[in-house]
Amino acid sequence: QVQLVESGGGLVQAGGSLSLSCAASGGTVSVYTMGWFRQAPGKEREFVASIRGAGGRTYFADSVKGRFDISIDGAKNTVRLQMNRLQPGDTAVYYCAQASILRLGRSRNDYTSWGQGAEVTVTV
């Protein structure tokens, strides 16, 4: 089973940028659908973005479209979530997840492996 570890979370002011990285072991991210989800306090875990393999099609939640980008670095076996123009509403714990390449990756049920999460706090 693929093991996933997120890094790069932290505190940032509104309007700023942050990059999250997800390092994988036990599998090659380039051949999977990889996704990012987030969970704010008191809310359900929600889809943020997914990518179907290295260079594959990407999908984004409407709330982050045009601000966030997802990419795979095959050489480092990592998945990156670049977050720009952050807003206080983006405050959450962000989770990296892995699914079969056959999945579009927009549903939590698509995923079989999850990281432990990275906390992102956006202040006004």
Can you check whether [X] reaches [Y] side chain to side chain, under 4.5 Å on heavy atoms?
X      : Y      : result
Glu119 : Thr121 : yes
Leu86  : Phe68  : yes
Leu81  : Val79  : no
Thr123 : Val12  : no
Ser17  : Met83  : no
Val48  : Tyr95  : no
Ile101 : Tyr32  : no
Arg108 : Glu44  : yes

Sidechain-backbone polar pair: [X] side chain, [Y] backbone, donor-acceptor under 3.5 Å:
X      : Y      : value
Asp90  : Gln87  : yes
Tyr111 : Gly105 : yes
Thr28  : Ser30  : no
Arg57  : Ser50  : no
Glu6   : Gly117 : yes

Exercise for review: Could you please spell out the steps behind the side-chain hydrogen bond (donor to acceptor under 3.5 Å, both in side chains) verdict for Thr78 and Asp73?
Suggested key: CA-CA 5 Å; Thr78 58; Asp73 185 333; 4.7 Å; no
Looking only at heavy atoms, which two atoms of [X] and [Y] are closest? And how far apart?
X     : Y      : value
Gly27 : Asn77  : O-ND2, 2.8 Å
Ala24 : Val2   : CB-CG1, 4.1 Å
Thr33 : Ser100 : OG1-O, 3.3 Å
Ala14 : Pro88  : CB-CD, 4.1 Å

Exercise for review: Validate the cation-pi geometry between Arg45 and Trp114: distance from NZ or CZ to the six-membered ring centre under 6.0 Å, angle to the ring axis within 45°.
Suggested key: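 Yes, Arg45 and Trp114 form such a contact.
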Review point. Is the CZ atom of Arg67 crowded by more than 12 outside heavy atoms at less than 6.0 Å?
Key: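 Atom CZ in Arg67 is packed in, count exceeds 12.
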Check your understanding: Do other residues, nucleotides or ligands put more than 12 heavy atoms under 6.0 Å from Lys65 NZ?
Key -> yes
Review point. What distance do Gln3 atom CD and Gln98 atom CD have between them, rounded to the nearest 0.5 Å?
Key: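 It is 10.0 Å, given to the nearest 0.5 Å.
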Review point. How many angstroms lie between atom OG of Ser113 and atom CG of Leu4, to the nearest 0.5 angstrom?
Key: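 Result: 6.0 Å between the selected atoms.
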Exercise for review: Report the C-alpha distance between Phe47 and Phe37 in whole Å, list the side-chain angles of each, state the deciding distance to 0.1 Å, and finish with yes or no for ring-ring contact (aromatic ring centres under 6.0 Å, His included).
Suggested key: CA-CA 5 Å; Phe47 170 74; Phe37 284 72; 5.7 Å; yes
**Study point:** Residues Arg38, Tyr94; criterion side-chain hydrogen bond (donor to acceptor under 3.5 Å, both in side chains); working and verdict
**Key:** CA-CA 4 Å; Arg38 67 186 183 186; Tyr94 284 72; 3.0 Å; yes
Check your understanding: Are any of the side-chain nitrogens in Asp69 or Arg80 under 4.0 Å away from the carboxylate oxygens of its partner?
Key ->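 No, no charged N to carboxylate O under 4.0 Å.
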